[in-house]
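Remember, predicted model here, so these are calculated numbers, not experimental data.
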Amino acid sequence: MKLDLQQFTGGTSTWWRNPLHRNFSYTDGVKYVAETVGAYWLIDYVFSSQYAAQLKDQPFQVWKWSANDGKGRFVVEDGNNEVIVTYNLEFTDFPDGEVTLWFTDRTLLLPNEY
């Protein structure tokens, strides 16, 4: 699956909030990904993980998501290609492919939106 994410550049027109995690926000590009593939759970997963010991003090995070044959994997890096943590999901309905998200300043965004 290939998402057209090049249209999201230089910021966002709306800062979206997740009702379960009101301290965090996400951008138009992240909303587009969630709506297009029916994966609002992806946003929930990133936000819920912010309370984990490995991530709570990381000011900048690169979330690399990949899905293949119904299984998924998040590799979370610190922005300097150092892996902080990896999460493997035994099941996902996310289409096969990859998406990279950044989390900084309590906001989840696409790299092009920075």
*side chain to side chain contact (heavy atoms under 4.5 Å, CB included) between Trp65 and Val46: does it pass, once the steps are laid out?*
CA-CA 11 Å; Trp65 167 255; Val46 173; over 6 Å; no
*Take Val76 and Leu55, measure what side chain to side chain contact (heavy atoms under 4.5 Å, CB included) needs, and give me the verdict at the end.*
CA-CA 9 Å; Val76 186; Leu55 297 175; 3.7 Å; yes
*asked:* Using the rule given for side chain to side chain contact (heavy atoms under 4.5 Å, CB included), can you reason through Glu98 versus Thr100, listing the C-alpha separation, both sets of side-chain angles and the distance that settles it, and then say yes or no?
replied: CA-CA 7 Å; Glu98 299 176 352; Thr100 297; over 6 Å; no
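Scored by the side chain to side chain contact (heavy atoms under 4.5 Å, CB included) test, Asp78 finds Gln58, Asn80, Glu82, Ile84 as partners (sequence neighbours excluded). Scored by the side-chain hydrogen bond (donor to acceptor under 3.5 Å, both in side chains) test, Gln54 finds no partners at all (sequence neighbours excluded). Residues passing the side chain to side chain contact (heavy atoms under 4.5 Å, CB included) test with Ser48 are His21, sequence neighbours excluded. With sequence neighbours excluded, the residues forming a side-chain hydrogen bond (donor to acceptor under 3.5 Å, both in side chains) with Arg73 are Asn88, listed by chain and number. With sequence neighbours left out, the side-chain hydrogen bond (donor to acceptor under 3.5 Å, both in side chains) criterion links Tyr45 to no other residue. Here Ser49 pairs with nothing under the side-chain hydrogen bond (donor to acceptor under 3.5 Å, both in side chains) rule; sequence neighbours left out. In this view, Ala39 and Val37, Trp41, Leu42, Phe94 satisfy the side chain to side chain contact (heavy atoms under 4.5 Å, CB included) rule, not counting sequence neighbours. Partners of Glu90 according to the side chain to side chain contact (heavy atoms under 4.5 Å, CB included) rule, which considers only residues two or more places apart in sequence or in another chain, are Lys71.
Closest of all the heavy-atom pairs between Ala67 and Pro95 is CB-O, 3.5 Å. Minimum interatomic distance between Ile43 and Ala34 (heavy atoms only, all atoms of both residues): CD1-CB, 3.9 Å. In plain terms, the two heavy atoms of Tyr51 and Phe47 that are nearest each other are CE1-O, 3.7 Å.
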Validation: residues 23-30 side-chain donor-acceptor distances under 3.5 Å, sequence neighbours left out:
{"residue": "Ser25", "atom": "OG", "partner": "Thr107", "partner atom": "OG1", "Å": "3.1"}
{"residue": "Thr27", "atom": "OG1", "partner": "Glu113", "partner atom": "OE1", "Å": "2.4"}
{"residue": "Thr27", "atom": "OG1", "partner": "Glu113", "partner atom": "OE2", "Å": "3.2"}
{"residue": "Asp28", "atom": "OD1", "partner": "Thr12", "partner atom": "OG1", "Å": "3.4"}
{"residue": "Asp28", "atom": "OD1", "partner": "Trp16", "partner atom": "NE1", "Å": "2.8"}
{"residue": "Asp28", "atom": "OD2", "partner": "Thr12", "partner atom": "OG1", "Å": "3.0"}
{"residue": "Asp28", "atom": "OD2", "partner": "Ser13", "partner atom": "N", "Å": "2.8"}
{"residue": "Asp28", "atom": "OD2", "partner": "Ser13", "partner atom": "OG", "Å": "2.6"}

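In this structure, the separation between CG on Leu110 and CG on Leu101 is 6.0 Å, given to the nearest 0.5 Å.
The stretch residues 12-23 participates, sequence neighbours left out, in no salt bridge (Lys or Arg N to Asp or Glu O under 4.0 Å) pair at all. Judged as a salt bridge (Lys or Arg N to Asp or Glu O under 4.0 Å), the pairs with a partner in residues 35-48 (not counting sequence neighbours) are, in order, Lys31-Glu35.
Under the 4.5 Å side-chain criterion, counting only non-hydrogen atoms from C-beta, Gln50 is not in contact with Arg106.
Other residues sharing a hydrophobic cluster with Val83 under the 4.5 Å side-chain heavy-atom criterion for ILVMFWY residues are Val75.
Annotation: Trp102 is in aromatic contact with Phe60 [ring centroid separation under 6.0 Å].
One hydrophobic cluster, built from ILVMFWY side chains closer than 4.5 Å, cannot hold both Leu108 and Trp15; they sit in different ones. Using a 4.5 Å cut-off between side-chain heavy atoms of Ile, Leu, Val, Met, Phe, Trp and Tyr, with links allowed through other members, Phe91 and Leu89 fall into different hydrophobic clusters.
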